[in-house]
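See below for the structure under consideration.
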Amino acid sequence: MSRVWNFSAGPAAIPSVVLERAQRELLDWNGSGASVMELSHRGKLFIGLAQQAEADLRELLGVPDDYAVLFLQGGATQHFAQIPMNLAGDGDSADYIVNGHWGEKAASEAAPYVRVNIAASSKSDQYLRLPPRESWQLDPRAAYVHYTPNETIHGVEYHEIPDVGDVPLVADFSSNILSEPLNVSRFGLIYAGAQKNIGPSGLVVMIVRRDLLQRVSRPMAKIFRYAEQAANDSMLNTPNTWGWYLAGLTFQWLKDQGGLAAMAERNRAKAELLYQAIDGSGGYYRNPVQVSARSRMNVPFTLHDSALDAAFLKESEAAGLLALKGHKALGGMRASLYNAVPLEAVQALVSFMKDFAVRHG
Ligand SMILES: *Cc1c(COP(=O)(O)O)cnc(C)c1O
């Protein structure tokens, strides 16, 4: 069996030990004689799994008791719409910080449900810089402020949590959740599609301050209402049991790795190694992002001559380095360095890049 180093932006790498355990347990999970996918979500065994996963996530992130943890479906994109449905009432406005592709999407999907105020945007900088907090035109009466701490496509990341006063801060953490310790109490709502840093697609993890759940009462089907999901332990209908199971295994793996402080240390070392290789290549490789805004998770880079792109992709794949093709918005390459990507993978990439530059001159 040969497993490659996987730099995919999402769905992305899952830790081998998690996959191996899932494989071992596939036919007979927890002595049930059946796979976890074949059991009722209402049964004692699955409820135990769900509770353990939530407890482990709460421990990892230090989630305070006045926050609910939800395991939902629909992808981050569905929640671009569902968040304003739940947090904004008739006539309310919400502030959106647009610092990349996903923030732009979040604002446009919210527009049918709330008056969207673009309080800051770095579109005119091609999203390669971040709008500094001082430039945000916030409305103190806004229902909430939404931003994207890490923009997966453009490779920009806010390294500090912005202060927005008493207005609830809502953050799409899809591509950097669990990559470092986080002060959850600074947020009103955190959400993340699972397929980058948690597990398989089809699951969204949400952490929301409980008082916000009671905020608005616009007519809405129960299935869309976060308060109903919280009251029913995210089991208003059949949840993504397989995704929930793999997320739980990943949380246990993170605890075994030493928790989020240890992950932060590793993620810093991985990103540093790659950025140093790019910056030290004498212009052979280039990362276009403002240095202070560089993402630790997603590293886009170009070759000095785009005519070499095809050779770079072909040879890197042959060398066991998967999914380095950049997003079409930026072209070139992108390496995603999520939690499940070990330092050895980045070492292999950097050594391939040096070798490629020598061979292709
Ligand atoms: C991938 C991604 C999304 C989209 O997630 P879906 O689950 O496909 O809807 C949204 N936001 C960010 C930051 C992402 O990285």
Side-chain angles (χ1 to χ4, degrees), residues 6-14 70-85 94 96-111 113 116 120-123 127-128 130-131 144-159 161-162 169-180 182 187 189-207 224 226 234 239-240 242-244 246-247 250 267 271 289 293-300 323 325-330 334-341:
N6 185 356
F7 298 95
S8 174
I14 293 175
L70 307 178
F71 291 79
L72 305 172
Q73 301 185 63
T77 305
Q78 183 176 307
H79 296 277
F80 291 164
Q82 229 176 304
I83 286 166
M85 287 168 78
Y96 277 75
I97 311 306
V98 177
N99 52 289
H101 170 89
W102 292 113
E104 197 177 311
K105 231 17 212 299
S108 70
E109 294 297 295
Y113 306 100
V116 169
S121 168
S122 49
K123 190 165 188 156
Y127 297 131
L128 300 176
L130 287 171
Y144 59 87
V145 181
H146 181 284
Y147 84 122
T148 314
N150 185 74
E151 279 283 356
T152 319
I153 291 174
H154 294 89
V156 293
E157 182 177 19
Y158 277 102
H159 298 292
I161 303 170
L169 184 59
V170 173
D172 173 4
F173 266 94
S174 292
S175 52
N176 62 341
I177 194 165
L178 298 169
S179 65
E180 61 184 347
L182 188 66
F187 296 88
L189 185 152
I190 288 168
Y191 66 112
Q195 69 271 25
K196 276 72 181 241
N197 236 345
I198 296 177
S201 61
L203 179 74
V204 171
V205 170
M206 182 173 287
I207 302 170
F224 295 135
Y226 295 145
S234 309
N240 176 353
W242 174 247
W244 203 326
L246 282 177
T250 302
N267 287 328
V289 173
R294 282 174 164 180
S295 166
R296 298 162 305 125
M297 296 286 107
N298 310 97
V299 183
K325 189 173 167 55
H327 190 275
K328 58 183 185 306
L330 268 77
R334 171 175 50 171
S336 294
L337 313 179
Y338 302 127
N339 282 341
V341 176

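Reckoned from all heavy atoms, side chains included, excluding hydrogens, waters and symmetry mates. Just so it is clear, the structure is predicted and the values come from calculations on it, not from any experiment. Just follow the structure's listing: the first ligand is 1, and inside any ligand the first atom is 1.
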(request) From the options T77, N197, D172, select the one whose nearest heavy atom is closest to atom 9 (O) of ligand 1. (result) T77

(request) Flag Q78 as yes when one of its N or O atoms lies below 3.5 Å from any N or O atom of ligand 1, and as no otherwise. (result) no

(request) Decide yes or no for E151 and Y127: does some side-chain heavy atom of the first lie under 4.5 Å from some side-chain heavy atom of the second? (result) no

(message) For T77, is there any backbone N or O sitting under 3.5 Å from a side-chain donor or acceptor partner on E109?
(response) no

(message) Below 4.0 Å, non-hydrogen atoms only: which portion of E151 touches ligand 1? Side chain, backbone, both or neither.
(response) neither

(message) So if I count the atoms of ligand 1 from 1 in the order they appear, which ones are less than 4.0 Å from some heavy atom of K196?
(response) 1 (C), 2 (C), 3 (C), 14 (C), 15 (O)

(message) Is the shortest side-chain heavy-atom distance between F173 and N197 below 4.5 Å?
(response) no

(request) For atom 8 (O) of ligand 1, grab the closest protein heavy atom and report residue, atom and distance to one decimal in Å. (result) Q195 NE2, 3.4 Å

(message) Tell me the contacting part of K105 for ligand 1: side chain, backbone, both, or neither, using a 4.0 Å heavy-atom threshold, strictly below.
(response) neither

(message) I need the contact type for T152 against ligand 1. Using non-hydrogen atoms and a strict under-4.0 Å cut-off, is it side chain, backbone, both or neither?
(response) side chain

(request) Look at atom 5 (O) of ligand 1 and find which of A76, G10, A192 reaches it with the closest heavy atom. (result) A76

(message) Ring centroids only, cut at 6.0 angstrom: are Y113 and F224 within range, meaning strictly under it?
(response) no

(message) Quick check on contacts: which atoms of ligand 1 are under 4.0 angstrom from a heavy atom of G75?
(response) 7 (O), 9 (O)

(message) Would you say that T152 contacts H327 through its side chain, given a criterion of any heavy-atom pair below 4.5 Å between the two side chains?
(response) no

(request) Examine distances only and state if a side-chain atom of S175 and a backbone atom of N150 form a donor-acceptor pair shorter than 3.5 Å. (result) yes

(request) Specify whether Y191 and F80 have parallel, tilted or perpendicular ring planes, treating 30° as the upper limit for parallel and 60° as the lower limit for perpendicular. (result) perpendicular

(message) If we set the cut-off at 4.0 Å for heavy atoms, which region of F80 has an atom near ligand 1: side chain, backbone, both, or neither?
(response) side chain

